[in-house]
Amino acid sequence: MAEAADFQGTSPSPARRWLRRTGAVLAGTPLLTGLLQLPAASPAEAAVPAAPRAASDDGSVAVSVDSLTPGAPAEGDTVTVSGTVTNKGKKTVTDASVGLRVGSLLDTRSSIDTVAKNSDDIGSPVGAEIDDKYTEKFSKLTPGVSQPYTISVPADELDLGQDGVYDLSVTLTGETSDQPWEQTLGVRHTFLPWQPDEADTKTKTTFMWPLISTVHMTAETGSDEEQTPVFHDDELAEEISPGGRLDRMVALGKDLDVTWVIDPDLLASVEAMTTRYEIPGDNADDKNAVGGHQAVAKRWLTEVQKAVADKEVVALPFGDPDLASLAHHGTSVTGSLRHLKEATDVAAGTVESILHVTASTDFAWPVEGAVDPSIIKVSTSAGADKVITRGDTFEGGRDLTYTPTAPRPIGGGTTAVVADARLSTVFDGDMTRASASTQAVQRFLAQSLTLALQTDRPRSVVIAPQRTPSAAQAQTMAEAIGALQDSTWSQLQDLTAAAKSKPDPDAGTEVPPASAYPKSLRKRELPRSAFEQIARTQDKLDRFQVILSNPSRVVTPFGRALNRGMAASWRGRPAEAAIYRSGVETYLDTLSSQVRLIEKSETKLSGRSATIPVTVQNNLVQGVEHLVLRLTSTNPTRLEIDGDAYEEQPIAVSGGHSQSVKFTTNANANGRATVVAQLYTQDGRPYGQPVTFDVKVTEITATVMLVIGGGVLLLVLAGFRMYTQRKRAAARQAEKREQENAADAADAADADAGDAKNPEASERRPTQESAPDTREDAPEQPSDPVPDTAPESADPSGTGERVDR
């Protein structure tokens, strides 16, 4: 190959451009066909009947190539091309015929780009039509109507010559009422790689298979023991469900020899869905709704585990941080690189715990492989020593007639792994249309073969496609890789092996300057304000976690949320990114405010010494400790706290409880003094908002004290007097009882003496045992004496009669 360095945007040599233009003129001028003769590039370009002249209404019929199998035929294969033809014009096309034409050999990568760019240009050169028996005819094509076609041709009938890529075109010829002659009304160019025999030196090809998504999890978790995660949407469930984007990526990749490049955040998010998770509710009453895709999440993780078994896995830093944005806007913000280091440290462990494989963390992958010195510096700051770049933003080397091998030593023990730009970007765009997908596969194979034929030097080629391919793009990529696995010129290998392969000494190793960084990418970077907000949130988290009895419940979810805040997937979505970062900070503020001081009203002190209670409330589910409560008097000359201007006491409050702390105060003068209560962490940093209240001091005078003392003395004297009086009365009563008892005793003694002198009288006095029954119903006894007096009369007394009372 005598072509100059063949990179994207490089034109063919002047001699070849002259030949190509001359060929185009001759193809469009049938009358000169017999007069001029050009050297044939292959047997397929031998002298043949001229192609029909192009219609004046160029491209009135659209031709699509929806399928071409096999993509890289070998000897003995049958090439089958199918698609549709659609009349886009206003006239009916009659006597239409669809045929295949094999054009010139495309021996440069730039010539393939040119054909792909003008694949439907009816004025571009086409080769001779293959035998008429390999055509499909239509009597007429009605305007706006599509007709399918299928043409199968044995590879031997294509009359292909030397190894390489051929321009294969499908043309439609026909007539219209206003132009009643045979003419080319539509064309579609594609590519036919041809190398039937095994190459002596195969190109070693590495295809990166990215398993990356956007951010789905928030920093919020439930207050339960399991810390139920909260997702800001349920879109991840759609991606991993059967037929979803990520489901297709796994299903297609498991049968391919690729290197899996995985964002650990995706795995962690799906694992969080395997149990109970919540998503925001539709209304205020339904704050969070329970997600119901646990079975889907478990199935997807199981499929990923099977797919990556015995395959190389590269783990990106957690959350796939935007390295370019960090380099250009984040390094000037204190602490930004700390997050990159944390994201890298947790990456391998996350992948291993979920997929049970050991992942490499040696690779950094800036967006679209665009680098400058600052991006290289940031990429390697967390431990990566290999940076995946791309050839369209990294110098290939001077005076090279081939694409150099991927690894480039760039100094400091760092290797730039330069991915091929053409092969990496061929799958961009809408691949939902079969024609676009087929064209991408054929272009991929064409570029790969042309690259392999550039030199017989052993080389390693790396392909780094878009970060988040759609399901259709993934399907197209899988078809291309499958065809490449079966090819005769390429051999697939791991990314680590490619990075360790011997560098080309002639390849460029100079990192592009900052001025060369693409402006289109710079416009979509995360702003400095994003990293400032992340740093502010981290500072709040540092102050919050030191007071917690179980800080891991907060540090882990918030730390990962901060990693997600600088994800590369936020590019092009500045509003959504700002909402997410603000949500993380706001939720942290909400949690921090759950530990606070209770507001106090004015307090009155009626003495020189008193205690003031201050209450600390903890509404968190876990206890807080390592806090200090300080009570400060703004006027210590009037009011002292524990003999000084302030006093501090340690605080520890269980989850869901409050605690009151009492401070001793001393008043030196009457009046109002302002007191400030403030919580502090043990390192002396204020925590939460202070509580300020007034203390009104009223001093007690000596006169008031004398009055109070006199009153107390009177009460004591009165009580003593009452006590003595009661004691004297009790003594008198006791003395009287003693006198009465003595008199009774004397009477009894006299009675006993009389009885002794007069026994008959003694017998007449009744005793206790023989005392007469005085009851009214008692029977009369014979021995009862006759009453000495008559019974009292109940009649009124007469005049002058004395009444006994």
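In what follows, every heavy atom counts, from backbone to side chain, and hydrogens, waters and symmetry copies are set aside.
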message = With side chain to side chain contact (heavy atoms under 4.5 Å, CB included) as the test, pick out the partner of L266 among I212, V215, L246.
response =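 Of the listed residues I212, V215, L246, the side chain to side chain contact (heavy atoms under 4.5 Å, CB included) partner of L266 is L246.
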task = Going by the side chain to side chain contact (heavy atoms under 4.5 Å, CB included) test, name the single residue among R245, M273, H293 that passes it with I240.
result =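 With I240 as partner, R245, M273, H293 yield a single side chain to side chain contact (heavy atoms under 4.5 Å, CB included), made by M273.
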So how far is it from [X] [atom1] to [Y] [atom2], rounded to the nearest 0.5 Å?
X    : Y    : atom1 : atom2 : value
L588 : L562 : CG    : CG    : 8.5 Å
H339 : Q538 : NE2   : CD    : 4.5 Å
N618 : I651 : CG    : CD1   : 11.0 Å
H329 : F531 : NE2   : CZ    : 7.5 Å
T218 : I279 : OG1   : CD1   : 11.5 Å
E648 : L629 : CD    : CG    : 9.0 Å

message = For V695 and T665: C-alpha separation, side-chain torsions, deciding distance, then whether side chain to side chain contact (heavy atoms under 4.5 Å, CB included) applies.
response = CA-CA 10 Å; V695 176; T665 60; over 6 Å; no
Under 4.0 Å between a Lys/Arg side-chain N and an Asp/Glu carboxylate O for [X] and [Y]?
X    : Y    : value
R299 : E303 : no
R564 : D263 : no
E647 : R630 : no
E585 : R536 : yes
R467 : D320 : yes

Close side-chain approach of [X] and [Y], heavy atoms under 4.5 Å:
X    : Y    : result
Q533 : S582 : yes
F363 : V261 : no
T275 : E226 : no
H328 : Y517 : yes
Q227 : R553 : yes
I354 : V270 : no
R571 : V367 : yes
F693 : V675 : yes

Checking the side chain of [X] only, and the main-chain atoms of [Y] only, is there a donor and an acceptor separated by less than 3.5 Å?
X    : Y    : answer
T586 : G583 : no
E312 : L495 : yes
K600 : T615 : no
R528 : G330 : no
T228 : G222 : no
W209 : K254 : no
T674 : T634 : no

ask   = Where do L326 and L337 land on the side chain to side chain contact (heavy atoms under 4.5 Å, CB included) test, with the steps shown first?
value = CA-CA 8 Å; L326 183 58; L337 291 179; 4.1 Å; yes
Non-hydrogen atoms of [X] and [Y] that approach each other most closely:
X    : Y    : result
S223 : V621 : CB-CG1, 3.6 Å
K298 : T274 : CE-O, 3.2 Å
G319 : A567 : O-CB, 3.1 Å
M217 : Y580 : O-OH, 2.9 Å
Q473 : S470 : OE1-N, 2.9 Å
A347 : P317 : CB-CA, 4.3 Å

Do you see a donor-acceptor pair shorter than 3.5 Å between the side chains of [X] and [Y]?
X    : Y    : result
T414 : D385 : no
E239 : S213 : yes
S269 : D265 : yes
N666 : T664 : no
D372 : S374 : yes

Taking [atom1] in [X] as the centre, count heavy atoms belonging to other residues, nucleotides or ligands within less than 6.0 Å. Is the count above 12?
X    : atom1 : result
K540 : NZ    : yes
E602 : CD    : yes
K377 : NZ    : no

task = Specify whether H216 and H232 have parallel, tilted or perpendicular ring planes, treating 30° as the upper limit for parallel and 60° as the lower limit for perpendicular.
result =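 H216 vs H232 ring planes: parallel.
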ask   = What do the steps show when you test K341 against D345 for side chain to side chain contact (heavy atoms under 4.5 Å, CB included), and what is the final call?
value = CA-CA 6 Å; K341 181 65 167 60; D345 291 342; 2.9 Å; yes
Stepwise side chain to side chain donor-acceptor pair (under 3.5 Å) check, T537 with R581 = CA-CA 9 Å; T537 306; R581 291 190 298 270; over 6 Å; no
With a 3.5 Å cut-off and sequence neighbours excluded, list the donor-acceptor pairs that the side chains of residues 677-691 form with protein atoms.
from, atom 1, to, atom 2, distance (Å)
Q678, NE2, Y687, O, 2.9
Q678, NE2, G688, O, 3.3
T681, OG1, D683, OD1, 2.2
T681, OG1, R685, N, 3.3
T681, OG1, R685, O, 3.2
D683, OD1, R685, N, 3.3
R685, NH2, D539, OD1, 2.9
R685, NH2, D539, OD2, 3.4
Y687, OH, S592, O, 2.9

task = Report the C-alpha separation of L627 and V595 in whole Å, then their side-chain angles, then the decisive distance to 0.1 Å, and conclude whether the side chain to side chain contact (heavy atoms under 4.5 Å, CB included) test is met.
result = CA-CA 10 Å; L627 274 174; V595 180; 4.0 Å; yes
